[in-house]
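All values derive from a computational prediction rather than experimental measurement. Both counts, for ligands and for their atoms, begin at 1 and track the order of listing.
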Amino acid sequence: MVYIGGMEVWTIQKLLGWMVEYFGAKAVDSPRFSAELLLAHALKWKRIELYTHFDAAVGAQRLAELRGLVKRAGEHEPIAYLVGATEFYSMTIRVGRECLIPRPETEMLVERAIDLLRKQAGEQQVLDLCTGSGCIAAAIAKNHPAAMVVATDLCEKALAIAAENVRTHGLEARVRLLCGDLFEPVIAGLDAAKFDLIACNPPYVSAGEYEKLDRNVRDYEPKKALDGGADGLDVYRRIAARVGEFLKDDGALLLEIGCGQADTVRGLLEAAGLKNIQVFKDHAKLERVVMGRK
Ligand code: GLN
């Protein structure tokens with residue numbers, strides 16, 4: 001241990017060790033990764049710099065800030081909210097309490113979307129419903145320069161975060177954000193003739209599952225972004241009811257789904273007249289994305 005003038009010095013290495021132990025004791029997810037993210041944030045450093053400055057001493061002011069963040073993380077407040085950002089599809093996405101934190105599973109939907117768009121020539125019209133932080137819209141636009149994206153959300157505060165993400169990634173010319181319920185703010189013929197692709201990660205947690213969510217999700221993330229009604233399928237029903245009006249012939253619908261919802265969602269899309277319905281599994285081998293074509 002290093003002492004200067006009788007005072008204990010908190011080096012990066014020592015701080016990380018203490019945080020990992022504290023998070024471990026509080027059962028915080030991924031203690032090491034969480035500690036690194038928080039410390040880098042408090043110091044305004046890149047994560048890699050922690051390792052290149054392992055023996056650097058941290059000043060009293062930064063320590064005090066860090067202490068507050070560590071305490072909140074110990075109470076299971078998500079690290080992404082504490083640092084105000086997360087990584088999604090190799091992009092830094094800003095987040096806040098008004099929007100859901102982008103999940104790694106949702107990258108699969110983006111991958112499918114980009115794959116599909118790349119097979120088609122020319123400008124592609126894309127609609128992203130329930131955009132939240134705008135992560136899907138931004139990731140599609142960033143990775144497919146021929147995509148013109150309209151993204152909608154009910155929540156104005158979430159859209160303000162989405163707007164920041166669109167701006168940070170330089171996508172203002174190709175991602176338009178509209179406030180309203182699902183398709184409601186889209187003016188057919190004005191915003192786009194019809195869409196080549198409609199994507200959505202809707203709220204899909206059922207009432208029963210909601211009560212059982214991890215507390216870092218249930219106590220901190222917006223209920224509006226998670227709660228899909230009694231059986232979790234409310235929003236899929238409402239999308240199925242109108243998707244035909246907004247898709248081009250042969251246009252595709254891509255939906256993220258929750259555990260055990262594939263068969264019912266498939267049925268809803270079939271009843272809506274969609275064809276070639278496919279279900280894709282995520283890395284945990286759970287059915288996660290449903291795709292259909294008009
Ligand atoms: N995947 C999220 C969860 O695990 C749910 C996201 C959603 O409802 N779209 O909590």
Problem - Close-contact set for ligand 1 against N201 heavy atoms, below 4.0 Å - result: 7 (C), 9 (N)

Problem - Under-4.0 Å salt bridge between E65 and R62 - result: yes

Handout entry: Ligand-residue contact atoms, ligand 1 with P202, heavy atoms, under 4.0 Å
Key = 7 (C), 8 (O), 9 (N)

Fill in the blank from the handout: Per-atom filter on ligand 1: closer than 4.0 angstrom to a heavy atom of P203 are 8 (O)

Practice task
May I ask you to identify the nearest protein heavy atom to atom 1 (N) of ligand 1, giving residue, atom name and distance to one decimal place in Å?
Solution key: Y204 OH, 3.0 Å

Practice task
Check E221 against ligand 1 and report side chain, backbone, both or neither, counting heavy atoms closer than 4.0 Å.
Solution key: neither

Completion exercise
For L226, the ligand 1 atoms with a heavy-atom partner under 4.0 Å come out as 5 (C), 8 (O), 10 (O)

Problem - Nearest non-hydrogen protein atom, atom 10 (O) of ligand 1 - result: R103 NH2, 3.2 Å

Exercise for the section: Check whether the side chains of T131 and D128 place a donor and an acceptor atom closer than 3.5 Å, and report yes or no. Expected result: yes

Problem - Whether F246 and F183 hold their rings parallel, tilted or perpendicular, with breakpoints at 30° and 60° - result: parallel

Practice task
Mark the output for G232 as yes if a heavy-atom distance to ligand 1 is under 4.0 Å, and as no if none is.
Solution key: no

Problem - salt bridge (Lys or Arg N to Asp or Glu O under 4.0 Å) partner of E221, the single match among R97, R103, R215 - result: R103

Practice task
Could I get the full list of side-chain contact (heavy atoms from CB on, under 4.5 Å) partners for S34, not counting sequence neighbours?
Solution key: F23, V28, S30, I79

Problem - Residues in ring-ring contact (aromatic ring centres under 6.0 Å, His included) contact with Y22, at least two apart in sequence or another chain - result: W18

